[in-house]
Amino acid sequence: MRADYDIDDYGGAPVVQLENVGVRYGMGPEVLRDLTFAIEANSFQFLTGPSGAGKTTLLRLILMSVRPTRGLISIFGEDVSDISKDNLTGLRRRMGVVFQDFRLLDHLTTYENVALPLRVQGKEEATYRAEVVELLRWVGLGDRMHVLPPVLSGGEKQRAAIARALIVRPDLLLADEPTGNVDPSLARRLLRLFIELNRLGTSVVIATHDFSLMDQLDVRRLVLGDGRLHIDE
Ligand SMILES: Nc1ncnc2c1ncn2[C@@H]1O[C@H](COP(=O)(O)OP(=O)(O)OP(=O)(O)O)[C@@H](O)[C@H]1O
Ligand SMILES: [Mg+2]
């Protein structure tokens, strides 16, 4: 699949804005510094850089699970420095997250894990069942729906985690190495899924160091190195 689609059609304010942001863990050195950039509505970008460069940290900043030690962050137009707990929950609900370590609940089946965000929203199963099944089939888990995560392979867990992030049709998708455990042809298929989600209006950020994945799509690259961000438009 080649880069053949148009991402110039931005609408509205940025979904994420950082200004002079720095982060350190505890008393350690700053792992990210002087970050100033925006993620536009309906945009698609890769976040890259070597292992330890801070990709996961940057995603956690956007997810508001790590606080900046300096600078300003706004998410969906809201300054998050003194945000209330309710507000934080509301903003997080607009995000879909694929964690590098999956974070599936081991006592729920694959189907139940993927359906969980909808259940939490108070939706009736009858309204989403078919959609969850269709998405699971699309990611190749049609015959793994009713098993528990501990018996899934790494790549199967990864696909379940992706389906769970996508099922809510988030405004912002944060995916941390979402193709790190699958073969190249499955990676291409998953990339198509992210592109489709983006076409429907979601801003997509994919953290990866897989150049063969990035080379399939001519989109913006946020490149981390030595704690700083460089942008390849
Ligand atoms: N909880 C933590 N406490 C202390 N230091 C941390 C913590 N998490 C990450 N770090 C450090 O912050 C830096 C950035 O780590 P991060 O996990 O964000 O990198 P990454 O780019 O996601 O790496 P990878 O490609 O291996 O996933 C590293 O030096 C790491 O050791
Ligand atoms: Mg990481």
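Read the numbers this way: they start at 1 and go in the same order the structure lists the ligands and their atoms. Fair warning: this is a prediction, and the values are worked out from it, not measured in the lab.
- Ligand 1 places these atoms under 4.0 Å from at least one heavy atom of K55: 18 (O), 19 (O), 20 (P), 21 (O), 22 (O), 23 (O), 24 (P), 25 (O).
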Item to check | Trace of the salt bridge (Lys or Arg N to Asp or Glu O under 4.0 Å) decision for D176 with K55 | outcome: CA-CA 8 Å; D176 202 351; K55 300 179 294 297; over 6 Å; no
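- Side-chain polar atoms of S185 and D183 form a donor-acceptor pair below 3.5 angstrom.
- Remark: R189 is positioned above the aromatic ring of W138, its terminal NZ or CZ atom under 6.0 angstrom from the ring centre and at most 45 degrees off the axis.
- Between the side chain of T208 and the backbone N or O of D210, at least one donor-acceptor pair lies under 3.5 Å.
- Near H209, meaning under 4.0 Å from one of its heavy atoms, ligand 1 places the atoms 25 (O).
- For ligand 1, the polar-atom distance check finds an N/O of T56 within less than 3.5 Å of one of the ligand's N/O atoms.
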Item to check | Intermediate values then yes/no, salt bridge (Lys or Arg N to Asp or Glu O under 4.0 Å), D215 and R221 | outcome: CA-CA 11 Å; D215 285 346; R221 293 185 192 182; 3.0 Å; yes
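- The closest side-chain donor-acceptor pair between S81 and D79 falls under 3.5 angstrom.
- The protein atom (non-hydrogen) at minimum distance from atom 28 (C) of ligand 1 is G52 O, 3.6 Å.
- Listed by atom number, the atoms of ligand 1 under 4.0 Å from S51 heavy atoms are 23 (O), 24 (P), 25 (O), 26 (O).
- A donor-acceptor pair shorter than 3.5 Å cannot be found between the side chains of H107 and E112.
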Checklist entry - How far apart are the C-alpha atoms of D171 and R94, what are their side-chain angles, what is the distance that settles it, and do they pass the salt bridge (Lys or Arg N to Asp or Glu O under 4.0 Å) test? => result CA-CA 5 Å; D171 293 324; R94 297 175 62 185; 2.7 Å; yes
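- Distances below 4.0 Å separate heavy atoms of A53 from the following atoms of ligand 1: 19 (O), 21 (O).
- The nearest protein atom to atom 27 (O) of ligand 1, hydrogens excluded, is given as Q100 NE2, 2.9 Å; this is a heavy-atom distance.
- Within a 4.0 Å radius of atom 8 (N) of ligand 1, the protein contributes one or more non-hydrogen atoms.
- With the Mg ion (ligand 2) as the vertex, OE1 (Q100) and OG1 (T56) define an angle of 80°, rounded to 10°.
- Judged by the shortest distance from any of its heavy atoms, G54 lies inside the 4.0 Å radius around the atoms of ligand 1.
- Listed by number with element, the atoms of ligand 1 under 4.0 angstrom from any heavy atom of P50 are 21 (O).
- Residue, atom and distance of the protein heavy atom nearest to atom 10 (N) of ligand 1 are Y25 CE1, 3.3 Å.
- Note that R129 lies in the cation-pi zone of Y111, set by a 6.0 Å cut-off to the ring centre and a 45° limit from the axis.
- At a heavy-atom distance under 4.0 Å, atoms from both the backbone and the side chain of T57 approach ligand 1.
- In this structure, atom 30 (C) of ligand 1 is not in close contact with the protein, since no protein heavy atom lies within 4.0 Å of it.
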